[in-house]
Protein chains: 2
Amino acid sequence: MAITIKDIAKRANVSTATVSRVINGIGGYGSDTRNRVLAAAQELGYYKNETATSLVTNKTKTIGIIIPNVSTSFYGNIVTGIEDVAYDFGYSVILTHAGVEGNRLFDSLKLMVNRRVDGIIIVSIYLNKEQQQMIRKLGVPTILLSTISEGNRLPYIKVDDYAASYHATQYLVNQGHQKIGLAGVNQNDQVAGQPRLAGYRDCLEKNQILRDEALIFFGDFSFDAGKRAMDYYMTHELPTALVCASDDTALGIISMAHQYKILVPEQLSVIGYDDTSVAWMTTPPLTTIAQPFYEMGALGCKRLIESVTTNQEIRSEIIPFELMERQTVLQRSNNPKS
Amino acid sequence: MAITIKDIAKRANVSTATVSRVINGIGGYGSDTRNRVLAAAQELGYYKNETATSLVTNKTKTIGIIIPNVSTSFYGNIVTGIEDVAYDFGYSVILTHAGVEGNRLFDSLKLMVNRRVDGIIIVSIYLNKEQQQMIRKLGVPTILLSTISEGNRLPYIKVDDYAASYHATQYLVNQGHQKIGLAGVNQNDQVAGQPRLAGYRDCLEKNQILRDEALIFFGDFSFDAGKRAMDYYMTHELPTALVCASDDTALGIISMAHQYKILVPEQLSVIGYDDTSVAWMTTPPLTTIAQPFYEMGALGCKRLIESVTTNQEIRSEIIPFELMERQTVLQRSNNPKS
DNA sequence: TTGTAAGCGTTATCAT
DNA sequence: ATGATAACGCTTACAA
């Protein structure tokens, strides 16, 4: 079977305790024994059994990620961020996706606890009161990324969706738009949908632009939602600018606009949300609200590990968004004031 | 501390052995004891400590994924595929990225071994002889996804890059193109670059189209490589159609073509590779070679777990690609024979 | 500086 | 059907 510290101990003529010490660099041994042990380990091709270590130290140096699905580049960046800092701190990352609707969430949590992860990161899954309480009862440090829990009892890191949506809308207003639509947000979604809807509405109101509910088309943040939205606008009332729920939705809009021979941005300005890689790779490149996914993952992981090691509670943080001005919004100079 | 089977044993008036039996559903106990134990576990809020189990069973029910970086939707789909079947088999997935150049590969492997994963999946990292040998020495079942190892000693699942490239080129030929370029492949890349170059060249040769090295622009599969390629073609010789190293590269081409006022596909046909989400979301949607990423992940994981449980060697497999005809290649009917 | 030995939470063998 | 108990590979008092 695999080499153990016993084998090393034998070969180096020391006790297993000493082997353990030098392997962990604890100190308390002569430099010659140190060398003997290291040499023996080397020669035998020793790999430490971390599961044994975990059992006695009651730490796994592992953090668990629960994510709706990993397929979007969106999540990929978050995971990369997490993994990078985990790596720096000597932690491993165990990943599970909880299904689109967050079913499997319970299973995922159970898995994490069974594996005795030191901390849990939950990405983009809204937690209701029951789930929130269950998680707190687990006693495992947990942080939410790009989502919140009912009552906000669990620490989170996310962008201010309300402010971002407001900002996007205001940007459009500043370019002279009066007829501004909102496409693709899910109004049942407390995390992103509702705040963005509110930000959009409040901005229009503040700018004394009359509210036109017909300019709002709800959806599920998808590409297809964008396509359906555009269909809808064509048969109802076409805005001059559109705040979209996501980059995917924005691209759906653009795709359909193309079919209807509506020029973007000349006839229709479009602003996305997320700044996924599609945003800058598409032609014309998409003006969008950038969420710092990588940073979110990295910061979240950092905070979590800090909490694991210091036992301090994690404080929620709002992380800044950024408007990426590209080419799907008509610039003011060319824009006919309505 | 956390609840252990001892606690349950005490409360249910049985031995820990019995608790273990019922928890694992081994059989060999009365249904009343079973109920008592289960009830006790429930009441105490017991979570099994899998690290302890791993220590004695010498199995972790964990498989490790090593991936260059998780950021591309590309990898996200593979990971999702892996995770889905891992979940079905009751396995967890531990993830690490090995850096773009596969530096950190050694560290990643070491981490996997230390954690005593039951199997390893390496994605998109070419393994040289030394690395290949090291991995075999590890004695951990390993499978390669979308890559190979020097000498092909490690089992892999991938698309036939040569055939795919040949197919893409032939498709362009069939549409009447004679001046066909190749953009963005890395000729030092033995996994994807070289076979695709060969497929492209052989196809042209078979069709008796004279070879024009000036139509080949090497790169690194990136968006930027596409942009540079287009710059190059504009100042040298513009083909009528382009086989691209990736969807990203194709989009770079299209982006730059737009700036040069070259119409796609009217003046320049473009075919991508991968069929990432950008491919179908962009306007016009990209004609491209689809690699079945999700399936690759799922199948790879399945084969690996089979191998873990049966101790059989994994057999390498070629998985089919598919040409997705969309709108960046001019159809024959409209295409002026040159 | 080094060794002895008790545990960590399970599983699994061997009795009963 | 159930219970003792010895492992599993490591860490960590406590001794020496």
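Keep in mind it's a predicted model, so treat the numbers as computed, not measured. Letters A, B, ... are given to chains in the order of the sequence lines, protein chains preceding strands, and every chain is numbered from 1.
Atom CD1 in A/Ile5 sits about 16 Å away from atom P in C/dT2, given to the nearest Å. The distance from atom CG of B/Asn13 to atom P of D/dG3 is 9 Å, rounded to the nearest whole Å. To the nearest angstrom, C1' of C/dG9 lies 11 Å from CD1 of B/Ile23. If you measure from atom NZ of A/Lys6 to atom C1' of C/dA5, you get 12 Å, rounded to the nearest angstrom. The NZ-P distance, from B/Lys10 to D/dA4, rounds to 13 Å in whole Å. Taking atom CG on A/Leu55 and atom P on D/dC8, their separation rounds to 14 Å, with Å as the unit. At whole-Å resolution of the value, CD1 in A/Ile3 and P in D/dC10 are 10 Å apart. Between the C1' atom of D/dA13 and the CD1 atom of A/Ile26 lies a distance of 13 Å, rounded to the nearest Å.
A close approach under 4.0 Å does not occur between any side-chain nitrogen or oxygen of B/Ser20 and OP1 or OP2 of C/dT10. For B/Thr53, no side-chain nitrogen or oxygen approaches OP1 or OP2 of C/dT10 to under 4.0 Å. Remark: B/Tyr47 is not in phosphate contact with C/dT10, judged by side-chain N or O atoms under 4.0 Å from OP1 or OP2. Taking side-chain N and O atoms only, B/Thr18 has a distance below 4.0 Å to OP1 or OP2 of D/dG3.
B/Ser20 contributes no side-chain N or O that, together with a main-chain N or O of B/Thr18, makes up a donor-acceptor pair within less than 3.5 Å. Remark: side-chain polar atoms of B/Thr147 are paired, donor with acceptor, to backbone N or O of B/Ile125 under 3.5 angstrom. Remark: the backbone N or O of A/Leu127 is not paired with any side-chain donor or acceptor of A/Ser149 at under 3.5 angstrom.
Using a 4.5 Å cut-off on side-chain heavy atoms (C-beta onward), B/Ile82 and B/Ile63 make contact. Residues B/Asn49 and B/Thr4 have side chains not in contact (no heavy-atom distance under 4.5 Å, counting atoms from C-beta outward).
When all heavy atoms are compared, the tightest approach of A/Val123 to A/Pro68 is O-CD, 3.0 Å. A/Arg116 and B/Tyr47 make their closest contact through NH2-O, 2.8 Å (heavy atoms, listed as atom of the first residue, atom of the second, distance). Pairing each heavy atom of A/Thr60 with each of A/Arg115, the nearest pair is CG2-O, 3.5 Å.
Across C/dT10, D/dC10, D/dT5, the shortest atom-to-atom separation from the side chain of A/Tyr46 is found for D/dC10. Proximity note for B/Ala17 (side chain, C-beta onward) versus D/dC10, D/dT5, C/dT10: the nearest is D/dT5. Between C/dC8, D/dT11, C/dT11, one nucleotide has an atom nearer to the side chain of B/Lys48 than all others, and that is C/dT11. Relative to the side chain of A/Thr4, the nucleotides D/dT2, D/dT5, D/dG9 differ in distance, and D/dG9 lies closest. Side-chain atoms of B/Arg21 lie closest to D/dA4 of the nucleotides D/dT11, C/dT2, D/dA4. In this structure, the nucleotide among D/dT2, C/dT10, C/dG3 sitting nearest to the side chain of B/Tyr29 is D/dT2.
Terminal axes of the helix from C/dT1-D/dA16 to C/dT16-D/dA1 (five pairs each, C1' rotation axis) are separated by 40°, to the nearest 10°.
Of the candidates A/Leu145, A/Asp118, A/Ile143, A/Ile143 is the only one forming a side-chain contact (heavy atoms from CB on, under 4.5 Å) with A/Leu304.
Applying the salt bridge (Lys or Arg N to Asp or Glu O under 4.0 Å) test to every pair with at least one member in residues 300-316 of chain A, sequence neighbours left out, gives these pairs: A/Lys302-A/Glu306, A/Arg303-A/Glu306, A/Arg303-A/Glu317.
Using a 4.0 Å heavy-atom cutoff across all strands shown, A/Asn114 reaches no nucleic acid atom at all. Residue contacts shown for A/Asn24 are limited to sugar-phosphate atoms, with no base heavy atom under 4.0 Å away.
Scanning residues 30-41 of chain A for heavy-atom distances under 4.0 Å to DNA chain D yields an empty list.
Judged by atom type and distance alone, A/Arg116 does not reach the base of C/dG9 through any side-chain donor-acceptor pair under 3.5 Å.
When the nearest nucleotides of DNA chain C are assigned to A/Val14 and A/Thr57 by heavy-atom distance, the more 5′-ward of the two goes with A/Val14.
B/Arg104 and A/Glu83 are joined by a salt bridge, as a carboxylate oxygen and a charged side-chain nitrogen come within less than 4.0 angstrom of each other.
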